[in-house]
A.B. asks: 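Okay, here's the structure, questions in a sec.
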Amino acid sequence: MKNVAIVGAGYVGLTTGAALAYIGHRVTVLDVDEAKVEGLRKGIPPFFEPHLGEMLRLVGERMGFTTRYGEAIPQAEVVFLTAAKVPLNLGKVTQGRLCGCKLF
């Protein structure tokens with residue numbers, strides 16, 4: 001099993017992380033929203049997705065949540081960037097929060 005970091009606790013990141021933890025991977029979800037992370041630590045999903053709350057309870061210790069890159073990225077063998085993209089009024093999408101990311 002792998003140590004996985006997921007940047008972004010939105011629909012894509014959180015559901016992907018829960019599924020990966022369910023099949024046995026150790027997942028750390030990173031988000032800049034401290035209130036969202038605190039809720040997730042208590043098992044409270046920030047949006048409705050059928051069975052997500054139950055899934056978070058099932059994965060237990062295999063899934064953690066943080067606002068600190070140093071707690072998620074250094075030990076990760078795989079990193080998913082799922083941060084939100086910003087829609088433009090023309091139906092196109094910008095790179096949003098991913099613009100400042102650097103590969104290293």
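We use all heavy atoms of the structure for the numbers below, so side chains are in, but hydrogens, waters and symmetry mates are not. We count residues from 1, following the sequence as given.
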A.B. asks: Distance from L56 atom CG to R41 atom CZ, nearest 0.5 Å?
C.D. replies: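 Answer for the CG-CZ pair, L56 versus R41, is 14.0 Å.
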
A.B. asks: Return yes if some donor-acceptor pair links the side-chain N/O of R26 with the main-chain N/O of M1 below 3.5 Å, else return no.
C.D. replies: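 A pair under 3.5 Å: no.
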
A.B. asks: Is the backbone N or O of E34 less than 3.5 Å from a side-chain atom of T67, with the two atoms forming a donor-acceptor pair by type?
C.D. replies: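 It does not hold such a pair.
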
A.B. asks: With a 4.5 Å limit on heavy-atom distance, are the side chains of F47 and L52 in contact?
C.D. replies: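 Yes, their side chains come closer than 4.5 Å.
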
A.B. asks: With side chain to side chain contact (heavy atoms under 4.5 Å, CB included) as the test, would you mind laying out the steps for Y69 and L30 before giving the verdict?
C.D. replies: CA-CA 7 Å; Y69 285 85; L30 167 70; 3.2 Å; yes

A.B. asks: Checking R62 side chain against A18 main chain: does a donor-acceptor pair fall under 3.5 Å?
C.D. replies: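 Between the backbone of A18 and the side chain of R62 there is no qualifying donor-acceptor contact (under 3.5 Å).
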
A.B. asks: For the pair I6 and T16, evaluate side chain to side chain contact (heavy atoms under 4.5 Å, CB included) and give the outcome as yes or no after the intermediate values.
C.D. replies: CA-CA 8 Å; I6 297 182; T16 300; 4.2 Å; yes

A.B. asks: For residues T66 and A72, report the shortest heavy-atom separation together with the two atoms involved.
C.D. replies: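 Minimum heavy-atom separation between T66 and A72: CG2-CB, 4.0 Å.
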
A.B. asks: I'd like to know if the side chain of Q75 and the backbone of E71 have a donor-acceptor N/O pair within less than 3.5 Å.
C.D. replies: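 Flag set: sc Q75 to bb E71 pair under 3.5 Å.
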
A.B. asks: Answer with yes or no whether the hydrophobic clustering places V7 together with L14; edges join I, L, V, M, F, W, Y residues whose side-chain heavy atoms lie under 4.5 Å apart.
C.D. replies: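 In one cluster with V7: L14, no.
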
A.B. asks: Under a 4.5 Å side-chain heavy-atom rule over Ile, Leu, Val, Met, Phe, Trp and Tyr, are M63 and Y11 clustered together?
C.D. replies: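 As far as the 4.5 Å side-chain criterion goes, Y11 and M63 are connected within one cluster.
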
A.B. asks: Does V78 belong to the same Ile/Leu/Val/Met/Phe/Trp/Tyr cluster as L20, with side-chain heavy atoms less than 4.5 Å apart forming each link?
C.D. replies: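 Yes: a chain of side-chain contacts under 4.5 Å links V78 to L20.
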
A.B. asks: Do V12 and F65 sit in the same hydrophobic cluster, where Ile, Leu, Val, Met, Phe, Trp and Tyr count as joined when their side-chain heavy atoms come under 4.5 Å apart?
C.D. replies: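 V12 does not cluster with F65.
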
A.B. asks: Could you list the residues that satisfy side-chain contact (heavy atoms from CB on, under 4.5 Å) with R57, not counting sequence neighbours?
C.D. replies: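 Counting only residues at least two positions away or on another chain, R57 forms a side-chain contact (heavy atoms from CB on, under 4.5 Å) with E54.
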
A.B. asks: Between atom CG of D33 and atom CD of E38, what is the distance when rounded to the nearest 0.5 Å?
C.D. replies: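 Atom-to-atom, D33:CG and E38:CD are 10.5 Å apart.
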
A.B. asks: With clusters defined by side-chain heavy atoms of hydrophobic residues (ILVMFWY) lying less than 4.5 Å apart, directly or transitively, does V27 cluster with I73?
C.D. replies: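 Different clusters.
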
A.B. asks: Between P46 and L40, what is the shortest heavy-atom contact and its length?
C.D. replies: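 Closest pair (atom of P46, atom of L40, distance): CD-CD2, 3.7 Å.
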
